[in-house]
Undergrad: 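Below are the structure tokens for one structure; questions will follow.
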Amino acid sequence: MDQNKAPIYEALEQFRRMRVVPFDVPGHKHGKGNPELVKFLGRQCVEIDVNSMKPLDNLCHPVSVVREAEQLAAEAFGAKNAFLMVNGTTSSVQSMILSVCKRGDEIILPRNVHRSVINALVLCGAVPVYVNPEVDKHLGISLGMKTEQVQKAINEHPDAVAVLVNNPTYYGICSDIKAIFKMAHDAGMLCLADEAHGTHFYFGKDMPVSAMAAGADMSAVSMHKSGGSLTQSSFLLIGENVSEGHVRQIINLTQTTSGSYLLMSSLDISRRNLALRGSDVFSKVIDMANYAREEINLIGGYYAFGKELVNGDSIYDFDPTKLSIHTRDIGLAGIEVYDILRDEYDIQIEFGDIGNILAYLSIGDDPQGLERLVSALAEIERRYQRDTKGLLSQEYIAPTVVISPQDAFYAPKESLPLRESVGRVSSEFVMCYPPGIPILAPGERITPEILDYIEYAKIKGCSMTGSEDPDILNINVLK
């Protein structure tokens with residue numbers, strides 16, 4: 001196929017020239033009914049915020065330009081089929097799991113998954129078989145899935161329907177997905193990948209292997225994170241072993257019937273950009289990330305980690321674009337450095353947790369911005385460095401799963417003060433967002449260690465979400 005084409009974008013440009021009189025939705029009628037919106041977003045943007053119609057196809061049942069855009073994306077990513085997703089990668093992940101799992105099915109996965117994965121288990125009733133990742137004790141971060149642990153889980157749960165892998169984790173850690181997928185396929189299981197942070201693996205050189213190249217049956221790819229499309233736009237990719245029609249039906253259970261053409265056209269244009277120029281663009285991103293790592297490590301105190309961590313198993317590979325920085329050795333939690341960068345230096349990074357920060361680099365970054373970040377970090381180290389006494393180091397706490405997420409979420413429950421909940425089973429989530437990896441998920445036993453982490457993260461300023469009580473002074477537990 002001709003990757004120079006962008007069929008949705010081209011159809012919208014033709015539609016704009018037609019000067020159609022709208023007697024359909026949306027009600028702003030190409031912006032005429034909402035001049036403040038036009039002033040804020042621009043006429044060109046609002047004029048293409050349109051509804052599905054024959055010349056523009058329909059996301060729920062594509063037969064023309066949307067279908068062609070999907071085929072172009074499938075070819076660009078090396079997949080059998082691709083689906084344009086406009087409910088975020090959360091929707092991609094959930095559709096992926098709902099396509100292969102039903103109530104009572106077992107699925108093997110790492111516990112350091114995004115909330116969307118466990119949300120999907122709440123929806124379908126599947127039972128997680130967690131492979132608890134190793135933890136780097138100095139950095140305090142969870143690592144990848146060890147192949148021997150995955151094989152053990154497969155041997156102990158031969159009826160599991162699928163294995164899911166993060167490729168990569170938020171911090172850039174990659175598992176040996178080729179080996180894991182071979183194990184799963186040999187056992188008759190499907191292979192799924194959450195590639196929310198791995199879009200660039202498909203286009204850059206000297207990158208870890210992409211899921212589809214490694215033999216995945218399905219992968220959720222967050223195009224808006226590193227691929228340049230608009231926020232909330234994503235792709236769901238499938239291979240030969242998965243029915244396109246079945247997956248489309250699953251997607252249509254939860255995805256909007258009013259697909260945004262702003263999001264769809266951004267996917268179309270961004271796919272074209274990466275297919276034509278992605279290799280050169282991401283080569284420059286890697287160079288910038290490597291330069292920043294070197295400069296930050298020269299400051300002293302910080303540790304911008306990279307491929308030197310690779311051990312061939314729990315850290316099989318590392319995403320070279322990820323600028324992950326350990327801050328605890330200067331006496332500051334990651335979230336504290338995050339706040340200082342934003343409040344005092346007007347620098348917005350992706351996230352900070354209790355020991356690390358992540359500066360997300362992608363196609364829109366430039367060396368000038370990185371120089372500003374490096375200079376700010378040097379000043380912060382000089383101005384704020386303090387003793388590390390009293391800082392927690394562990395980012396990951398292995399859970400004890402008592403019942404399935406769905407059974408726990410819908411079970412009779414009661415609300416207890418946080419410290420009175422020790423030993424009880426949680427019926428809700430508690431997490432720092434970002435990154436959105438649950439500290440506690442429905443169906444897991446509450447321990448003093450988990451409560452210590454929650455209270456510490458709150459004190460340090462992490463944005464805590466997931467619970468019914470917004471202040472997380474109380475927590476819902478099973479009766």
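Note that the numbering runs from 1 along the sequence shown for the chain.
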Undergrad: Is the Y303 ring parallel, tilted or perpendicular to the H138 ring (thresholds 30°, 60°)?
TA: tilted
Undergrad: Step through the shown structure and confirm whether more than 12 heavy atoms of other residues, nucleotides or ligands are within 6.0 Å of NE2 on H246.
TA: yes
Undergrad: Provide the closest heavy-atom pair for I107 versus L121 in the form atom of the first, atom of the second, distance.
TA: CG2-CD2, 3.9 Å
Undergrad: Calculate, to the nearest 0.5 Å, the distance between atoms CE and OH belonging to M207 and Y202 respectively.
TA: 13.0 Å
Undergrad: Assess the residue pair Y291 and E371 against the criterion (side-chain hydrogen bond (donor to acceptor under 3.5 Å, both in side chains)); give the C-alpha distance rounded to whole Å, side-chain angles, the decisive distance to 0.1 Å, and a yes or no.
TA: CA-CA 10 Å; Y291 168 77; E371 292 288 2; 2.6 Å; yes
Undergrad: Cut-off 3.5 Å, side chains only: do S314 and N311 have a donor facing an acceptor?
TA: yes
Undergrad: Taking all non-hydrogen atoms of both residues into account, name the closest pair between F83 and E70 and its distance.
TA: CA-OE2, 3.8 Å
Undergrad: Answer yes or no: is there an ion pair linking E13 with R17, defined by an N-O contact shorter than 4.0 Å?
TA: no
Undergrad: Using 4.0 Å as the upper bound for N to carboxylate O, is an ion pair formed by K307 and D317?
TA: yes
Undergrad: Please say whether more than 12 non-hydrogen atoms of neighbouring residues, nucleotides or ligands are located less than 6.0 Å from NZ in K178.
TA: no
Undergrad: About how many Å separate CZ of R67 and NE2 of H61, when rounded to the nearest 0.5 Å?
TA: 10.0 Å
Undergrad: Checking side-chain contact (heavy atoms from CB on, under 4.5 Å) for the pair M53/V20: CA distance, chi angles, key distance, verdict?
TA: CA-CA 12 Å; M53 59 188 76; V20 170; 5.9 Å; no
Undergrad: Show your working on side-chain contact (heavy atoms from CB on, under 4.5 Å) between T199 and K225 and close with a plain yes or no.
TA: CA-CA 8 Å; T199 303; K225 287 187 171 69; 5.7 Å; no
Undergrad: Stepwise, does the side-chain hydrogen bond (donor to acceptor under 3.5 Å, both in side chains) test hold for D194 with H114?
TA: CA-CA 9 Å; D194 180 350; H114 187 264; 5.7 Å; no
Undergrad: Taking ring pair (Phe, Tyr, Trp, His ring centres under 6.0 Å) as the test, write out the residues that go with F282, two or more places apart.
TA: H200
Undergrad: When you check the side-chain N and O atoms of D353 and Y171, is any donor under 3.5 Å from an acceptor?
TA: yes
Undergrad: Atom CG in N81, atom CG in L237: separation rounded to 0.5 Å?
TA: 9.5 Å
Undergrad: Indicate yes or no for a side-chain donor-acceptor contact from E10 to the backbone of A6 under 3.5 Å, with no hydrogens or angles considered.
TA: yes
Undergrad: Specify the closest pair of heavy atoms between I286 and K205, including all atoms of both residues, with the distance to one decimal.
TA: CD1-O, 3.5 Å
Undergrad: Hey, are the side chains of I363 and N273 touching, using non-hydrogen atoms and a 4.5 Å cut-off?
TA: yes
Undergrad: Can a donor-acceptor pair be found, under 3.5 Å and without considering hydrogens, that links the side chain of Q255 to the backbone of V86?
TA: yes
Undergrad: Please determine whether a side-chain nitrogen of the Lys or Arg among E244 and K80 lies less than 4.0 Å from a carboxylate oxygen of the Asp or Glu.
TA: no
Undergrad: Please check: side-chain N/O of Q406 versus main-chain N/O of R103, any donor-acceptor pairing under 3.5 Å?
TA: no
Undergrad: Look only at the side chain of N132 and the backbone of R111, and say whether a donor-acceptor pair between them is shorter than 3.5 Å.
TA: no
Undergrad: Measure the shortest side-chain to side-chain distance between Q3 and L72 over non-hydrogen atoms and say whether it is less than 4.5 angstrom.
TA: yes
Undergrad: Could you check if a side-chain atom of S95 sits within less than 4.5 angstrom of a side-chain atom of V247, using non-hydrogen atoms only?
TA: no
Undergrad: Taking S175 for its side chain and G144 for its backbone only, find out whether a donor-acceptor pair lies under 3.5 Å.
TA: no
Undergrad: Atom OH of residue position Y316 - does it have more than 12 heavy atoms of other residues, nucleotides or ligands inside 6.0 Å?
TA: no
Undergrad: Would you indicate whether the side-chain heavy atoms of I118 and P438 approach each other to under 4.5 Å?
TA: yes
Undergrad: Inspect the contact between R271 and E68 and indicate whether a charged nitrogen and a carboxylate oxygen are less than 4.0 angstrom apart.
TA: no
Undergrad: What's the verdict on side-chain contact (heavy atoms from CB on, under 4.5 Å) for I296 and L323, showing C-alpha distance, side-chain angles and the deciding distance?
TA: CA-CA 10 Å; I296 291 167; L323 187 54; 4.1 Å; yes
Undergrad: For the residue pair Y360 and H197, categorise the inter-ring angle as parallel (less than 30°), tilted (30 to 60°) or perpendicular (more than 60°).
TA: tilted
Undergrad: Testing the basics here: between L59 and S52, what is the closest heavy-atom pair and its distance to 0.1 Å?
TA: N-OG, 4.5 Å
Undergrad: Has the side chain of E75 got a donor or acceptor atom that lies under 3.5 Å from a matching backbone atom of M1?
TA: yes
Undergrad: Heavy-atom distance under 4.5 Å between the side chains of I325 and L377, does that happen here?
TA: yes
Undergrad: How about K32: does its NZ atom have over 12 heavy atoms from other parts shown lying under 6.0 Å from it?
TA: no
Undergrad: Between the side chains of R293 and E308, is the shortest nitrogen-to-carboxylate-oxygen separation below 4.0 Å, so that they form an ion pair?
TA: no
Undergrad: Counting only heavy atoms from other residues, nucleotides and ligands, does the tally under 6.0 Å from CG of D206 exceed 12?
TA: no
Undergrad: Would you say C174 and F201 make side-chain contact, with heavy atoms under 4.5 Å?
TA: yes
Undergrad: Does the side chain of L41 come within less than 4.5 Å of D49's, by heavy atoms?
TA: no
Undergrad: For I439 and M464: C-alpha separation, side-chain torsions, deciding distance, then whether side-chain contact (heavy atoms from CB on, under 4.5 Å) applies.
TA: CA-CA 10 Å; I439 303 166; M464 308 292 289; 3.9 Å; yes
Undergrad: Apply side chain to side chain donor-acceptor pair (under 3.5 Å) to N58 and list each qualifying residue two or more places apart in sequence or on a separate chain.
TA: none
Undergrad: Any idea which heavy atoms bring C462 and I335 closest together, and the distance?
TA: N-CG1, 3.8 Å
Undergrad: Kindly give the heavy-atom pair with the smallest separation between L56 and N51, and that separation in Å.
TA: CD1-O, 4.2 Å
Undergrad: Determine, for D2 against K5, whether the closest basic-nitrogen to carboxylate-oxygen distance falls under 4.0 angstrom.
TA: no
Undergrad: Check whether any side-chain N or O of D365 sits under 3.5 Å from a backbone N or O of S362 as a donor-acceptor pair, and report yes or no.
TA: yes
Undergrad: Answer yes or no: does atom CZ of F318 have more than 12 heavy-atom neighbours from other residues, nucleotides or ligands under 6.0 Å?
TA: yes
Undergrad: If only atom types and distance count, is the side chain of S324 paired as donor or acceptor with the main-chain N or O of L358 below 3.5 Å?
TA: no
Undergrad: Salt bridge check: are E36 and K39 linked by an N-O gap of less than 4.0 Å?
TA: no
Undergrad: Main chain of L190, side chain of D217: is a donor-acceptor contact present, judged purely on distance under 3.5 Å?
TA: no
Undergrad: Does some side-chain heavy atom of M223 sit less than 4.5 Å from a side-chain heavy atom of F77?
TA: yes
Undergrad: Have S234 and T89 got a donor and an acceptor in their side chains that come within less than 3.5 Å?
TA: yes
Undergrad: May I ask you to say whether K284 pairs ionically with D280, meaning some side-chain N is under 4.0 Å from a carboxylate O?
TA: no
Undergrad: To the nearest 0.5 Å, tell me how far I48 CD1 sits from I8 CD1.
TA: 11.0 Å
Undergrad: Please round to the nearest 0.5 Å and tell me the distance separating atom NE2 of H157 and atom CG of D105.
TA: 13.5 Å
Undergrad: Does N112 offer a backbone N or O that forms a donor-acceptor pair with the side chain of N166 under 3.5 Å?
TA: yes
Undergrad: Looking at NE2 of H326 and CG of N356, how far apart are the two atoms once the value is rounded to the nearest 0.5 Å?
TA: 6.0 Å
